[in-house]
Every structure is written in structure tokens, then in C-alpha cells.
Amino acid sequence: MRTPLVIGNWKMNGTVAEARVLATAVRDGLKRPKGTEVVLCPPFTALAAVSEIVTGSPIGLGAQNCHAEPSGAHTGEIAPPMLVELGCRLVLLGHSERRKEMGESDEQVNRKVVGALAHGLTPVLCVGESGEERRQGLTFTTVEGQLRAGLAGLDAAAITRTVLAYEPVWAIGTGLNATPAQAAEVHGYLRGLLSELASKEIAQTVRIVYGGSVKADNVDALMAEGEIDGALVGGASLNAPGFIAIVRKAARGAASRGE
Ligand code: PEP
């Protein structure tokens, strides 16, 4: 059984003081997140402060992006070893907001995936179609292109160290979530591609989380789908009680699947 993973993506929100309050509330509310891995991704400026708060607790730390290179003349960028030094174990890569706003290409995302793995970080490769692509019946074409390009050159051993996030762009921050059936259909498709790129056995071990307006009141239905291994939560992760409820429900949902 794949351990469910719930990631809080705080995006560009919060002062360091606010991040401390939020991280402390999540840590204290989730002293023993049963059978679920929980990772907080604060803004870069709050990583050190949140690291102090979650170190020694079951809550993990992640970043929202990184550069592909370990150091160098890349003004304004953050390298994978810098994240490792702060205690990060995971990094989001290819988030649709970065693809859209920063023009990140599949090739850049692939270089970042390789760079993150080289330093022991778990890359969370985000893929997802726009509303227009879904309307045109291009959902599978889009996510397949992003997955193949994002994992290009990785051998089976490297693929086992990745996490995928299916995030339909039309569902991010919009309050519109994919139905559990729509999400599960894409997750199943992605898992099929992983079987081809690595092996059937490896594909069964890679976690594929869903992101797009996940909240405490829709996570149960999403987690009832055996293909959904957790959630990448944006807006709702900024509220500690709401995020804690999502984690508890995700854990219960995954546990009841194993019964
Ligand atoms: C996200 O940050 O990846 C996300 C899915 O955001 P939201 O939950 O706000 O839709």
C-alpha cells in the first residue's frame, strides 16, 4: 500500500511570523498523523523558521521550486543543496503557476527534477491540463507530454524516488475541483505511463497526489478512489484546522481502502 501524502503549498503567502504560527498549529494538531506523510511548503523566506518548528516532529518540510544547478551565477535562484541544508525533503516542480507565469518549459522542469534527485530531494512533478485542453479532449495528450518530458532520461530507480501531482489547471484556486472519477481516470492513465517508463511494480509504488481546490469537505470522496494517494493543497493549507481536517480525512480514507 502506498503511504498517503498530503502537501501544504502555502504559495506566496505569509510573513515569517505568520508562517511560525501556522506551522506550530499544524505541528501541534498533528502530533501523530496516522499512516500519512505530511509536508509543508512555505515560501523560501520562511523555510528556516518553519524548519526549526517541524524538526523532530512527523511533519516534513518542502520547497515550492528550485534551480536545476547546485550553485552558480543564477541571480535570485535557490539551489537544491540550499534546500537540503534547511531540512527540506521534497520540492514541487513544474507547478502550473510557474509554467504559466514564469514560462517554465518541460525541459527546464526536467532539468530541475534531475537536479533535485541528485541532492536527495523528492521531486513532486506537477502535471495538468488547462480548461481549454480538457474541452478539446486533450487532457491525456497534455499530461502525457508533461510526464514523459518531466521524467526524460530518468532510469527506473530514479522514477521510484519521484512523486506525481495531477493538478488540472482549471481547478487550482478556483473552487472547482475535478470529480473523483475525473481525477482517478487521469491518475490511472499516469500510472499506466509509469509502468511503461519504469515497470509495473515500480508504477505501483509511486504516489500520485491530486491537487485543485482540495478542502475538508471534498477530500473524503477523492480519497475513496484507490488511484488517489493524497493531496496537494493550496488555499486550504493556509488554515490550520482546515488543513488538519484534510490530513485526518486523507488518512482515514487511505486506511479504509486497505481494509
Ligand atoms: C496548488 O497550490 O497546487 C493548489 C492545488 O491550489 P488550491 O488548492 O488553492 O487549488
Side-chain angles (χ1 to χ4, degrees), residues 4-14 18-19 22-23 26 36-44 46-47 50 60-66 88 90-102 104 109 112-113 116 122-131 133-134 139 142-143 146-147 150 162-180 182-184 186-187 190 207-223 225 227-250 253:
L5 170 64
V6 181
I7 304 169
N9 175 15
W10 295 359
K11 308 195 187 192
M12 195 177 70
N13 291 295
E18 286 164 345
L22 181 53
V26 171
T36 303
E37 187 180 350
V38 182
V39 178
L40 301 179
C41 297
F44 287 129
L47 279 173
V50 173
L61 186 68
Q64 299 173 21
N65 177 41
C66 70
C88 290
L90 163 161
V91 60
L92 307 181
L93 295 173
H95 192 285
S96 63
E97 286 159 7
R98 295 197 57 82
R99 290 181 192 262
K100 183 161 171 258
E101 292 178 21
M102 322 304 290
E104 271 186 18
V109 173
K112 291 177 182 212
V113 167
T122 297
V124 179
L125 173 64
C126 304
V127 301
E129 82 286 2
S130 66
E133 286 164 336
R134 180 163 278 268
T139 297
T142 301
V143 297
Q146 291 171 335
L147 179 78
T162 65
V163 169
L164 301 183
Y166 169 54
E167 298 208 298
V169 178
W170 49 271
I172 299 180
T174 58
L176 297 170
N177 65 294
T179 64
Q182 283 174 323
V186 178
H187 284 222
L190 294 172
R207 286 173 296 180
I208 308 178
V209 300
Y210 168 78
S213 299
V214 174
K215 299 185 208 69
D217 61 11
N218 59 23
V219 70
D220 281 331
L222 289 161
M223 290 302 295
E225 295 287 347
E227 274 298 342
I228 300 179
D229 302 319
L232 175 48
V233 187
S237 70
L238 295 171
N239 172 274
F243 184 67
I244 290 165
I246 290 171
V247 173
R248 294 213 172 111
K249 288 182 172 201

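Order of appearance sets the numbers: ligands from 1, and atoms from 1 within every ligand.
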Student: Within the structure, does Val233 bring an N/O atom to less than 3.5 angstrom of an N/O atom in ligand 1?
Tutor: no
Student: Kindly indicate whether the side chain of Ser213, heavy atoms from C-beta on, has any atom under 4.5 Å from the side chain of Leu176.
Tutor: no
Student: Out of all atoms in ligand 1, which are within 4.0 Å of some heavy atom of Ile172? Include the element for each.
Tutor: 4 (C), 6 (O), 10 (O)
Student: Write out the residue and atom name of the closest protein heavy atom to atom 5 (C) of ligand 1, then the distance separating them to 0.1 Å.
Tutor: Glu167 OE2, 3.0 Å
Student: Evaluate the side-chain proximity of Val214 to Leu232: yes if any heavy-atom separation is below 4.5 Å, no if none is.
Tutor: no
Student: Determine, using heavy atoms of Ser237 and all atoms of ligand 1, whether some pair is separated by less than 4.0 Å.
Tutor: no
Student: In the protein, which heavy atom is nearest to atom 6 (O) of ligand 1, and how far is it?
Tutor: Lys11 NZ, 3.2 Å
Student: My understanding is that we take every heavy atom of each candidate and find the minimum distance to atom 9 (O) of ligand 1. Doing that for Gly212, Ser96, Gly235, which one comes out nearest?
Tutor: Gly235
Student: Which ligand 1 atoms does Asn9 reach within 4.0 Å, using its non-hydrogen atoms?
Tutor: 1 (C), 2 (O), 3 (O)
Student: Does Trp10 reach the side chain of Leu22, with side-chain heavy atoms less than 4.5 Å apart?
Tutor: yes
Student: For Ala171, counting its heavy atoms only, list the atoms of ligand 1 lying under 4.0 Å from any of them.
Tutor: 10 (O)
Student: Side-chain contact, heavy-atom cut-off 4.5 Å: Val169 with Glu133?
Tutor: no
Student: Report the nearest protein non-hydrogen atom to atom 8 (O) of ligand 1: residue, atom name, distance rounded to 0.1 Å.
Tutor: Gly234 N, 2.8 Å
Student: For His95 and ligand 1, does the shortest N/O to N/O distance drop below 3.5 Å?
Tutor: yes
Student: So, do Arg98 and Leu92 sit near enough that their side-chain heavy atoms are less than 4.5 Å apart?
Tutor: no
Student: Specify whether His187 and Tyr166 have parallel, tilted or perpendicular ring planes, treating 30° as the upper limit for parallel and 60° as the lower limit for perpendicular.
Tutor: perpendicular
Student: Ignoring hydrogens and angles, tell me if any N or O in the side chain of Asp229 forms a donor-acceptor pair with the backbone of Ile208 under 3.5 Å.
Tutor: yes
Student: So Leu47 and Pro42, do their side chains get closer than 4.5 Å, heavy atoms only?
Tutor: yes
Student: Within ligand 1, which atoms have a heavy atom of Ser213 less than 4.0 Å away?
Tutor: 7 (P), 8 (O), 10 (O)
Student: Which of the atoms of ligand 1 are close to Gly173, meaning less than 4.0 Å from one of its heavy atoms?
Tutor: 7 (P), 9 (O), 10 (O)
